[in-house]
S.K.: 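This is the structure I have questions about; it appears just below.
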Amino acid sequence: MDMPPPPVAIPQAVVETHHGIEVVDPYRHLEDMADPSVQAWVRCQADHAAAVLAGIPGRDQLRSQIDQIASRASPAVGAIERLADGRLVCFKQPPDANVAIVFMRDPAGHEHVIVDPATLPRPAAGGHVAVGFFRVSPDGSRLLYGVAASGSEEETLRVRELATGRDLEFTADRLETVYANPSWLPDSRSFTFSRRRALEPGTPPDATYRFTQAFLCTLGTNGEPDRATFVFGHGAAGSPSMEPMDFPAVIVPSGSAWVIGQVTHGDEADISLWTMPRADLGKPTATWRPVCTKKDLVTDFAVIGDTIYLVTAKDAPRFRVIRTTLSNPDLATAETIVPAGESVVSGVAAAADALYVGVTHGPSRGILRVPYDRPQDATTIAMPADEPSASIAAADATMTGILVRGGSWIRTGRVHAFNPATATLTDTSLVPVGPFDAPEGLMATEVLVESHDGVRVPLSIIHRADLRRDGSNPTILSGYGAYGHSTPMQFTTTNLAWLKRGGIMAVAHVRGGGTFGKAWHHAGRKVTKPNTWKDFLACAEYLVREGYTSSAHLAARGGSAGGILIGRAITERPDLFVAANIAVGCTDMMRFEMSRNGPPNVPEFGSRADPDEFRGLLAMSTLHHVFDGTPYPAVLFTHGINDPRVEPWQSFKAAARFQAATTSGRPVLLRIDHEAGHGIGSTRSQRHAEIADVQAFILWQCGDPEFQPDHASNETVSEALLKP
């Protein structure tokens with residue numbers, strides 16, 4: 001494409017020595033996002049990327065295909081809550097809605113809107129707002145919900161009276177910057193919430209999340225907040241001492257006389273739990289009693305009455321379920337309910353009839369029903385043949401049965417109601433099947449690929465059933481590999497245009513994720529992080545070796561912590577890929593710890609203060625493995641300027657370094673969205689625009705004739721691609 005090059009960032013090297021090793025940072029100045037010269041450079045980069053992407057023939061047609069397919073797909077449904085009278089409350093995003101709306105559905109199937117973000121006040125600076133979370137009061141009369149602007153994730157808590165649709169008048173400074181973990185008490189007038197402390201001007205960014213606090217708020221007789229009491233967190237009366245990056249929350253289990261104080265240790269998967277009688281919450285003499293600490297390796301819990309069920313990796317690398325009482329918690333004598341086995345225990349939920357346990361088997365998931373009185377009689381919920389994966393969508397300790405979300409790589413998952421009396425599933429029709437939700441002619445292949453050290457890594461390959469393995473198929477290989485997170489088996493209609501035109505979508509379930517439990521996670525973090533991108537490279541080589549694609553048609557894609565994976569994959573093997581997309585990616589791990597969200601991530605990535613962990617951080621830092629005179633693949637960096645999790649300057653610096661170093665002649669673009677953040681809260685239009693840009697960019701680099709500059713673009717949308 002014949003366009004002027006993007007503006008050059010002049011290196012202003014900063015050299016630091018850590019543990020005897022010199023580290024050069026050529027673009028430290030790009031971290032100052034308030035500097036007018038940096039802002040001007042970013043604007044020019046963003047304008048250049050927008051012009052290049054808009055100029056790709058076929059891009060607009062692809063966007064039109066994505067929009068038209070999505071307009072006829074089923075609405076996206078999430079975060080379902082059940083009420084005792086049979087009503088359901090959930091996020092739902094109909095095809096004509098730009099952001100998710102909160103809906104209520106009655107037992108007869110009638111739905112009405114509770115909160116539509118489009119009707120809420122917009123930020124003074126422009127942009128949009130989105131609802132980040134909600135909680136319905138036990139009596140169904142009120143809704144707690146959080147609103148954030150333009151992807152910032154800076155939630156302001158609101159309370160809506162459902163009978164009138166009126167929001168209560170709250171003191172804004174008391175309920176801003178809410179950490180999304182509110183919980184109602186049974187009286188439907190009191191609730192708990194956690195929030196970040198207000199910061200003094202000039203506070204360093206890495207202090208943003210220090211000493212989060214949990215409060216109890218009670219509504220007055222007229223609905224106004226009567227008082228808010230600091231009940232859990234460092235400095236609260238009766239609370240245990242906490243570290244600066246411990247995140248406290250108070251959970252009120254349904255139907256129990258106890259409350260749970262949950263402490264998340266930064267972004268560590270293992271949590272600590274404390275308890276007290278619910279009647280004592282907020283009293284000056286209240287005292288929290290320990291249930292488990294971080295060393296107990298607990299990752300999830302569920303409460304039924306006085307009993308707490310815990311998912312633990314202690315003596316069980318793939319986890320097991322134990323139980324103890326809240327009146328006398330003692331893990332030393334806790335009973336094992338679900339023993340360690342080949343499957344990975346991923347979570348638990350309590351219903352009135354039984355404990356429901358989520359398990360994973362490689363990329364697929366399942367659910368066990370475990371009777372409280374006879375856990376040895378556990379059974380597996382049988383799923384429909386076209387939905388081989390299942391996850392718990394909603395459960396309540398006072399209600400029988402659960403809602404189950406089905407999963408598949410090649411069809412949209414439905415939401416089913418499970419009836420334990422008959423062991424059957426009934427489609428709730430919350431997700432009605434649209435013409436593009438179960439398309440014909442697609443298939444998914446699951447394989448195990450041998451990595452560099454002999455470990456076998458799962459690889460999911462989604463493609464047309466009539467695919468020819470001749471090496472010519474444009475392929476996007478994605479991966480993540482962090483926090484013990486497992487990529488769910490899930491179909492996305494926005495990828496259908498890509499699949500229908502013969503493209504392949506593949507997912508590498510690399511180490512650092514949770515596919516095979518705690519050991520799998522720990523084999524891809526801190527000093528073992530290289531396994532993450534080496535697993536990914538092995539999967540890429542497999543796709544080429546088996547004829548699915550070739551290096552001239554293979555692109556790598558990942559976001560956030562997955563940016564480490566993609567950045568290091570293309571710097572270690574630039575010859576293996578033609579293109580890459582790094583979305584909101586971590587690319588400068590030498591400086592990540594200094595950012596807002598850096599300290600909570602130390603348990604996952606490590607700290608520069610520790611010599612071994614410093615070397616691990618340096619090894620995983622893309623910026624420090626880009627070398628001049630190297631023919632790198634084309635790279636598209638995408639980032640929202642309001643990102644609170646990964647600072648946009650991570651992408652600024654990496655883009656500048658690749659642009660200066662590469663000799664391949666392939667483009668390196670920095671795509672910036674000024675009304676987005678980490679992707680959470682983005683509008684449908686924003687998501688579709690980014691998907692079209694990424695896929696058009698990759699098809700251009702793969703040599704697809706319809707996306708080359710000399711191609712006479714046909715703006716008529718292909719009818720074949722719009723057939724289910």
S.K.: How close do Phe605 and Ile564 get, counting heavy atoms only, and between which atoms?
M.R.: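 Closest approach of Phe605 to Ile564, heavy atoms only: CE2-CD1, 3.6 Å.
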S.K.: Looking only at heavy atoms, which two atoms of Glu268 and Pro603 are closest? And how far apart?
M.R.: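 That would be OE1-CB, 3.5 Å.
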S.K.: Got a salt bridge between Lys534 and Glu572, using NZ or NE/NH1/NH2 to carboxylate O under 4.0 Å?
M.R.: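 Yes, this pair counts.
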S.K.: Can you pull the salt bridge (Lys or Arg N to Asp or Glu O under 4.0 Å) pairs that have at least one residue in residues 478-493, sequence neighbours excluded?
M.R.: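 Checked against salt bridge (Lys or Arg N to Asp or Glu O under 4.0 Å) - neighbours excluded - no pair reaches residues 478-493.
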S.K.: Could you give all pairs that pass the salt bridge (Lys or Arg N to Asp or Glu O under 4.0 Å) test and reach residues 581-592, with sequence neighbours left out?
M.R.: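 Every pair satisfying salt bridge (Lys or Arg N to Asp or Glu O under 4.0 Å) with a residue in residues 581-592: Glu31-Arg591, Asp588-Lys653.
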S.K.: State which residues pass side chain to side chain donor-acceptor pair (under 3.5 Å) with His48; sequence neighbours excluded, sorted by chain then number.
M.R.: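 Applying side chain to side chain donor-acceptor pair (under 3.5 Å) to His48 gives none.
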S.K.: Are Glu690 and Arg63 within salt-bridge range, i.e. N to O under 4.0 Å?
M.R.: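 Salt bridge: no.
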S.K.: Which residues pass the side chain to side chain donor-acceptor pair (under 3.5 Å) test with His674, not counting sequence neighbours?
M.R.: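 With sequence neighbours excluded, His674 shows a side chain to side chain donor-acceptor pair (under 3.5 Å) to no residue whatsoever.
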S.K.: I'd like to know if Asp628 pairs up with Arg657 as an ion pair, taking the criterion as any Lys NZ or Arg NE/NH1/NH2 lying under 4.0 Å from an Asp or Glu carboxylate oxygen.
M.R.: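 Arg657 and Asp628: salt-bridged.
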S.K.: Does Arg596 have any side chain to side chain donor-acceptor pair (under 3.5 Å) partners at least two apart in sequence or in another chain, and if so, which?
M.R.: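 Result, side chain to side chain donor-acceptor pair (under 3.5 Å) vs Arg596: Glu647.
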S.K.: Around atom CD of Glu16, are there more than 12 heavy atoms from other residues, nucleotides or ligands closer than 6.0 Å?
M.R.: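 Yes - once you tally the heavy atoms of other residues, nucleotides and ligands closer than 6.0 Å, there are more than 12.
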S.K.: Identify whether the distance between the nearest side-chain nitrogen and carboxylate oxygen of Asp535 and Arg511 falls below 4.0 Å.
M.R.: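 Yes.
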S.K.: On a heavy-atom basis, which atom in Phe592 and which in Arg645 lie closest, and how many Å separate them?
M.R.: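 Reported closest heavy-atom pair: CE1-O, 3.8 Å.
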S.K.: With Lys92, which residues qualify under side chain to side chain donor-acceptor pair (under 3.5 Å), at least two apart?
M.R.: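 In terms of side chain to side chain donor-acceptor pair (under 3.5 Å), with neighbours along the sequence ignored, Lys92 is linked to Glu111.
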